[in-house]
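Values reported hereafter were calculated over all heavy atoms of this structure, with side chains retained and with hydrogens, waters and symmetry mates removed. These figures come from a predicted structure and were not determined experimentally. Convention: sequence-line order gives letters A, B, ...; per-chain numbering from 1.
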Number of protein chains: 2
Amino acid sequence: MRTARRKARTMPLPVLRRLPGYHHAVAGFRGQGREWVSSQTLGRALGLTSSTVRQDLSHLDLAGTAKRGYPVGELDAVLRDRLGSARTHRVVIVGAGMLGSALAEHGELATHGFRPVAILDRDPERVGQTVGGLTVKPIEGLGRVVKSTRAELGVVAVPSTSAQAVADLLVAAGVRGLLNLSYANLRVPPRTHVVNARFLAGLQELVLLGKGSGVRGP
Amino acid sequence: MRTARRKARTMPLPVLRRLPGYHHAVAGFRGQGREWVSSQTLGRALGLTSSTVRQDLSHLDLAGTAKRGYPVGELDAVLRDRLGSARTHRVVIVGAGMLGSALAEHGELATHGFRPVAILDRDPERVGQTVGGLTVKPIEGLGRVVKSTRAELGVVAVPSTSAQAVADLLVAAGVRGLLNLSYANLRVPPRTHVVNARFLAGLQELVLLGKGSGVRGP
DNA sequence: TAGATTGTTAATCGATTAACAATC
DNA sequence: TAGATTGTTAATCGATTAACAATC
């Protein structure tokens, strides 16, 4: 076993996407008081081969130990650092319907470093109401709100018909990343990122997978 | 240009995952009254190369035409057929918090063929309340409810700490696919499918992407 | 006709898996 | 010590992209 190289500089996108999964699993093992975890055990928890796990973890600033595996506490710390769980990430939510409100009031956000700092809506009926301790503001104020709250991230929680317009506003307001909860395909300029968490597309994917015939591969 | 082969039998997973995106884009073009759409235009809408689009669409039972592209109406019909938009897919929602309730009341579900047929919760306070026209039922009745409603799909809309337990119940009750909205990594038996739509993991992914340094590739 | 665009094959790229020496 | 497990290299697998003849 060669010495672990310090600080991997780059990380493939698939690996990056798995980090939240590792984090959840490791936090669980830590909660159980476990001190070491092997690549095989982690693989079982995430549905990956032990080989993939070792390749993935080689991108982190951490070394495992032969015969024991990876130190749970350290792994948890490294993952939390990468995922920014200890920092505060300000999130502005557009759409104060049930979905946006659910996000604003979701308890698990805070424990991972995310803080909803504003929620806005187009509907005058909703403006002024209180959601998760925040007063719903009119969408027209988005630019000012993003500036004054220094929000880094925006959540698109509006119907798919207005999603692109909202995305454009958020980009113009200067957020660096968008979480898209709508069914729309959002287009944003190169320096901005979009991550989709689309439950409707997810349900459709399940329908396609369920057909059995129709899917190839592993 | 050779004749299109009828009925592609299999479809790679990445292609399958892009079908909802194609569907949304094509529905948009159709709404504009457009009759033809090229692979290049579709690629722009989805953030793909025209080459990838042509490869993807070759898996569908449909032929394009040189110089014009793909017929929007036919493409829409083929996609709707694949995605099951015309059939009814019964969905049982576990968790009647704001997130589960948002799903139950979400208007876009019905237009794509998904029908919430039951919503359940562990909390006695919530049991009996009405959400989206459904009466919240106690979680203990899950097996009976799935049977009587003939639900095919289950939504896990509970805190991550109870997510695996809920997944186990849904699998035991016989649903064929799970939409996971929680942060947990769900483990299910081989014949069951899980699709994640995890907003918290999505926000974390945005943080990782935002670091700029740290990501490799395209 | 000339030019744009498909459908398909082949090349490239990159992720996953396998294999195994190092080593605890 | 013997055996389990890492870290890493190489092989494999599969997805994306490029290229181009067919053709509308």
Fill in: Protein-nucleotide distance (B/Leu75, atom CG; C/dG7, atom P), rounded to Å
11 Å
Discussion item. Assuming nearest nucleotide by heavy-atom distance, tell me which of A/Lys67 and A/Leu48 is located more 5' along DNA chain C.
Written reply: A/Leu48
Discussion item. Below the 4.0 Å mark, does C/dT6 have OP1 or OP2 next to a side-chain nitrogen or oxygen of B/Ser39?
Written reply: yes
Worksheet item: If only side-chain N and O atoms of A/Arg54 are considered, is one of them under 4.0 Å from the OP1 or OP2 phosphate oxygen of D/dA4?
Response: no
Worksheet item: Rounded to whole angstroms, how far apart are CZ on A/Arg17 and C1' on C/dA15?
Response: 13 Å
Worksheet entry | Given C/dT17, D/dT5, C/dT16, the nucleotide with the shortest approach to the side chain of A/Arg18 | C/dT16
Worksheet item: How close or far is atom C1' of D/dA15 from atom CG of A/Leu13, stated in whole angstroms?
Response: 14 Å
Worksheet item: Side chain of A/Arg176, backbone of A/Glu152: donor and acceptor closer than 3.5 Å?
Response: no
Worksheet item: What are the two closest heavy atoms between A/Leu42 and A/Ala25, and how far apart are they?
Response: CD2-CB, 4.3 Å
Worksheet item: Is there a donor-acceptor pair under 3.5 Å between the side chain of A/His59 and the backbone N or O of A/Val15?
Response: no
Worksheet item: Is the backbone of B/Ala96 close enough, under 3.5 Å, to the side chain of B/Ser101 for a donor and an acceptor to pair up by distance?
Response: yes
Discussion item. So, applying side chain to side chain contact (heavy atoms under 4.5 Å, CB included) with A/Asn196, which one of A/Val156, A/Asn180, A/Leu181 is it?
Written reply: A/Asn180
Worksheet item: Please give, in whole Å, the distance from C/dG14 P to A/Asp56 CG?
Response: 17 Å
Discussion item. Return whichever of B/Val37 or A/Val15 has its heavy-atom-nearest nucleotide of DNA chain C closer to the 5' end.
Written reply: B/Val37
Practice prompt. May I ask you to evaluate whether A/Thr65 reaches the phosphate of C/dC24, defined as a side-chain N or O under 4.0 Å from OP1 or OP2?
Written response: no
Fill in: Watson-Crick and G-U pairing of DNA chain D, under 3.5 Å, as dot-bracket with | and [ ]
..||||||||||||||||||||||
Discussion item. Check whether B/Asn185 reaches the backbone of A/Gly21 with its side chain - one donor and one acceptor, N or O, closer than 3.5 Å.
Written reply: yes
Practice prompt. May I have the distance from B/Trp36 (atom CH2) to D/dC24 (atom P), rounded to whole angstrom?
Written response: 11 Å
Worksheet item: Starting at CG of B/Leu57 and ending at P of D/dT16, how long is that distance when rounded to a whole Å?
Response: 13 Å
Discussion item. Taking any heavy-atom pair under 4.0 Å as a contact, classify B/Ser50: base, sugar-phosphate, or nothing.
Written reply: nothing
Worksheet item: Which part of the nucleic acid does A/Ser38 contact within heavy-atom distance under 4.0 Å: base, sugar-phosphate only, or nothing?
Response: sugar-phosphate
Item to complete: Would you mind reading off the distance between A/Leu16 atom CG and C/dT16 atom P, rounded to a whole angstrom?
Response: 12 Å
Discussion item. Please confirm whether the shortest side-chain N or O distance from A/Tyr70 to OP1 or OP2 of D/dG7 is below 4.0 Å.
Written reply: yes
Worksheet item: Is the number of heavy atoms from other residues, nucleotides or ligands within 6.0 Å of CZ (B/Arg90) greater than 12?
Response: yes
Worksheet entry | Distance test, side-chain N/O of A/Thr52 to OP1/OP2 of C/dT17, below 4.0 Å | yes
Worksheet item: Has B/Glu105 got more than 12 heavy atoms of other residues, nucleotides or ligands less than 6.0 Å from its CD?
Response: yes
Worksheet item: Reckon B/Gln55 touches a base, only the sugar-phosphate, or nothing at all at heavy-atom distances under 4.0 Å?
Response: base
Discussion item. Please report the distance, rounded to the nearest Å, between CG in B/Asp61 and C1' in C/dG7.
Written reply: 15 Å
